[in-house]
Novice: 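Quick one: structure below, then a few questions.
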Number of protein chains: 2
Amino acid sequence: MAIRPAEQLIHKAAWLYYAHGLRQDEVANQLKISRASVAMYLRKARETGIVNISTSTQLFTDDVLARRLEDALKLDAVWIAPENAYVVDPSTDIAVLAASVFLELVKKGDRIGVAWGRTVYTIADIMSFADLQDVTVVQLCGNLGAPYSYRPDQCTMEIARRLNAKGLNFYAPLVLSTEELARALRAEPVIREQLAGISDCNLALFSVGTVDADSHVVKCGALTVSEMEVLRNAGAAGVIAGQIIDAAGEALDCSYNRRVISAELGSLGAIEKRLMVVQEDSKFEPLLAALAGGLCTHLVVGARVAQRLLDHAGAVTKKAS
Amino acid sequence: MAIRPAEQLIHKAAWLYYAHGLRQDEVANQLKISRASVAMYLRKARETGIVNISTSTQLFTDDVLARRLEDALKLDAVWIAPENAYVVDPSTDIAVLAASVFLELVKKGDRIGVAWGRTVYTIADIMSFADLQDVTVVQLCGNLGAPYSYRPDQCTMEIARRLNAKGLNFYAPLVLSTEELARALRAEPVIREQLAGISDCNLALFSVGTVDADSHVVKCGALTVSEMEVLRNAGAAGVIAGQIIDAAGEALDCSYNRRVISAELGSLGAIEKRLMVVQEDSKFEPLLAALAGGLCTHLVVGARVAQRLLDHAGAVTKKAS
DNA sequence: CACGGCTCTCGACAAAAGTCAAACCGAGCG
DNA sequence: CGCTCGGTTTGACTTTTGTCGAGAGCCGTG
């Protein structure tokens, strides 16, 4: 019985333990193995998503602030991660919440578009495993040539792995040197199909990037600091799935955007549920831009940003009236 | 801090413990309460469905037998509870599986029709709690006048309670003494609406009853042993939601059926997912009848019954060819 | 205002679960 | 044939968790 105790035994152990509520030693007896092995199987079962432990994220929607934001911003749902006393690690807390929310949104048979960035990768990294069936995770934008710690394909693959889903990668650079080349590449059947398939997604996960020297598109070498500055002066307000957007949330009319291989904002907008996650307070302006463009339907933010958003929305309304 | 530690604290504790993976004493520190309280909150969190622990039921669909049955019977999904060595309690095992399957099928916003019987009640009884939102559980058939251990309204309410859903009961007797009265009652607005609302359900849970002296409709006094015998001779093959069906799965043309207040088989059939659970081996014939009528789309049975079903289906096919 | 009744809370103990190094076992290989 | 290697399994040990009865704060009531 040394061969492949795997799946079958893990399943049985998980079943007896979690569904029937037996103790580990009882399970061990039933299965005629030692209790230590049972403990180990159960860990594997949790790690592979054979058992799902999920906490309701209702607490974070119940928040009055969240409700008001939903109304003010016309979003389907908002979750607010508290940033006070009882939080363990403020920086990952938003990601933990986002991961839970994400898992709650995913259903069997879904097709999920995933962008990239530190936030998305953090979420992928802490997300628990789940044993979904028939799920496809597609990469929303081209890859980075340079080695970078959280590449688009890594984000996609990691999330696919966690969901036990199929990962569809995108084998094209994020940004090319000339517009012609970008056009030509977009016309390639492999790429074209992938791009066309994006609007078939019913769930998207992404964050928004800043347009300063700290922006991930700068750090990864897609743009230089000075190029970015030029773009900023030209109206750049944020980065979504590798593309520059202006304050209205529209794709900025610039050479860089035309050289990018990524999901069109239009096809992104066709996706039913679009979950945007913003971790840093410094992303406030980009976030406003993304919201202005109606780029997301579901939002996860920290309490401080949430408050600023509400203040801002209130101010705008007041000014308008 | 002695007042209403409730919801809020429970949520926080559950969040820190399950989502962040802190230890109970760490949670206790964070929340400035004793570890014992944390343990107690966590239990409550589990009991109320604030955290969900669910085991994948894939093991039971992966079974080759299940797959073959799905094909042979043209069902959407079949789960087979093993009835051998490693099972704890053969009689409840099917119910435990059914409960898991049921919870896996329920989604936010669903409207669920629930019939009654020992099987359904057992499922309700062992089903873990879940914190669904916007879910409505409706009773599929009239109530029993006589006190009986598992009444239709109990089944409905218990399941509603477990799901934290709204329960819609049916305040009419299951069976009346005359056809006229039944007709009149069905025409009553309250009742008519409820009956009409049944086809709006997207999930149904029921079992099938036998047509012998042990049948629950006999035990609850809706029919006498001799009446049942007459019906059996007239072609009765099973009981679904309080109604008698023949071997083809059609409602039997008899006075009893006309005196019953219950979901029409037609509106039942309009429900997208219809989960039928059969615990006892003795329900084989009624099960065949229900299957013949295409009354269910999802099936949970024990291994022995499953095998007999497959043999039977094979024999029929062979005979036909 | 003293009295149960109520719920929440805590400390201490017992039970259960997690962990780790060592043993084991078959497979492949020199 | 005897070796190592990767994996599983185990017993023994430690840590974590569940539980229980007692105590503390907070009512409404007599």
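The figures that follow rest on heavy atoms only: side chains count, while hydrogens, waters and symmetry mates do not. Note on naming: letters A, B, ... go to the chains in the order of the sequence lines (proteins, then strands), and numbering restarts at 1 for each one.
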Novice: Take the protein atom CG of A/Asp25 and the nucleotide atom C1' of D/dA12, then report the distance between them rounded to whole Å.
Specialist: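 Atom-to-atom, A/Asp25 to D/dA12, this comes out as 16 Å.
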
Novice: Quick one: which of C/dA17, D/dG18, C/dC10 gets closest to the side chain of A/Tyr17?
Specialist: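 For the A/Tyr17 side chain, the nearest candidate turns out to be C/dA17.
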
Novice: Strictly below 4.0 Å, N to O, side chains only: are A/Arg161 and A/Glu158 in salt-bridge contact?
Specialist: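 Here A/Arg161 pairs with A/Glu158 in a salt bridge, since their nearest N and O are under 4.0 Å apart.
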
Novice: In whole angstroms, how far is the P atom of D/dT17 from the CG atom of B/Asn29?
Specialist: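 So the two atoms are 12 Å apart, to the nearest Å.
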
Novice: So, does B/Arg46 get its side chain near the phosphate of D/dT17, meaning an N or O under 4.0 Å from OP1 or OP2?
Specialist: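 No, because none of the side-chain N or O atoms of B/Arg46 sits under 4.0 Å from OP1 or OP2 of D/dT17.
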
Novice: Grab the CD-P distance between B/Glu26 and D/dT15 for me, whole Å please.
Specialist: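 Rounded to whole Å, this separation is 14 Å.
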
Novice: Using the closest heavy atom to pick a nucleotide of DNA chain D for each, name whichever of B/Gln24 or A/Lys32 lands nearer the 5' end.
Specialist: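 Result: A/Lys32.
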
Novice: Separation of B/Met40 atom CE from D/dA22 atom P, in whole Å?
Specialist: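 My rounded result for the distance is 17 Å.
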
Novice: Is it the case that the side chain of A/Gln279 and the backbone of A/Asp93 share a donor-acceptor pair, with hydrogens and angles ignored and the cut-off at 3.5 Å?
Specialist: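 Not a single qualifying donor-acceptor pair exists.
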
Novice: Check whether any side-chain nitrogen or oxygen of A/Ser37 sits under 4.0 Å from OP1 or OP2 of D/dT10, and answer yes or no.
Specialist: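 Checking D/dT10 against A/Ser37, a side-chain N or O does come within under 4.0 Å of OP1 or OP2.
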
Novice: Could you tell me the separation between the CG atom of A/Leu22 and the P atom of C/dA17, rounded to a whole number of Å?
Specialist: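 Answer to the nearest Å: 10 Å.
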
Novice: What integer distance in Å separates B/Lys44:NZ from D/dG18:P?
Specialist: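 So the NZ-P distance, B/Lys44 to D/dG18, works out to 15 Å.
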
Novice: Report the nucleotide, chosen from D/dT10, D/dT19, C/dT9, that has the shortest atom-to-atom distance to any side-chain atom of B/Ser34.
Specialist: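 Nearest to the side chain of B/Ser34 among the choices is C/dT9.
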
Novice: In whole angstrom, what separates B/Tyr41's OH from C/dT9's C1'?
Specialist: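 For the pair B/Tyr41 OH and C/dT9 C1', the rounded distance is 8 Å.
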
Novice: Round to the nearest Å and state the distance from A/Arg43 atom CZ to C/dC20 atom C1'.
Specialist: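 Checked: the CZ to C1' distance equals 11 Å.
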
Novice: Measure from the side chain of A/Ile33, starting at C-beta and using heavy atoms only, and say which of C/dT19, C/dT9, D/dT10 lies closest.
Specialist: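 For the A/Ile33 side chain, the nearest candidate turns out to be D/dT10.
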
Novice: Between the base of D/dG18 and the side chain of B/Arg35, is there a donor-acceptor distance below 3.5 Å?
Specialist: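 Side chain to base: pair found, below 3.5 Å.
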
Novice: Above 12 or not: heavy atoms from other molecules or residues under 6.0 Å from CG of A/Asp134?
Specialist: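 Count not over threshold, so no.
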
Novice: Say whether, by atom type as modelled, one donor and one acceptor occur between the side chain of B/Glu26 and the main chain of B/Arg23 under 3.5 angstrom.
Specialist: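 Side chain of B/Glu26 to backbone of B/Arg23, a donor-acceptor pair under 3.5 Å: yes, one is there.
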
Novice: Has the side chain of A/Gln307 got a donor or acceptor atom that lies under 3.5 Å from a matching backbone atom of A/Arg304?
Specialist: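 Side chain of A/Gln307 to backbone of A/Arg304: no pair is present.
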
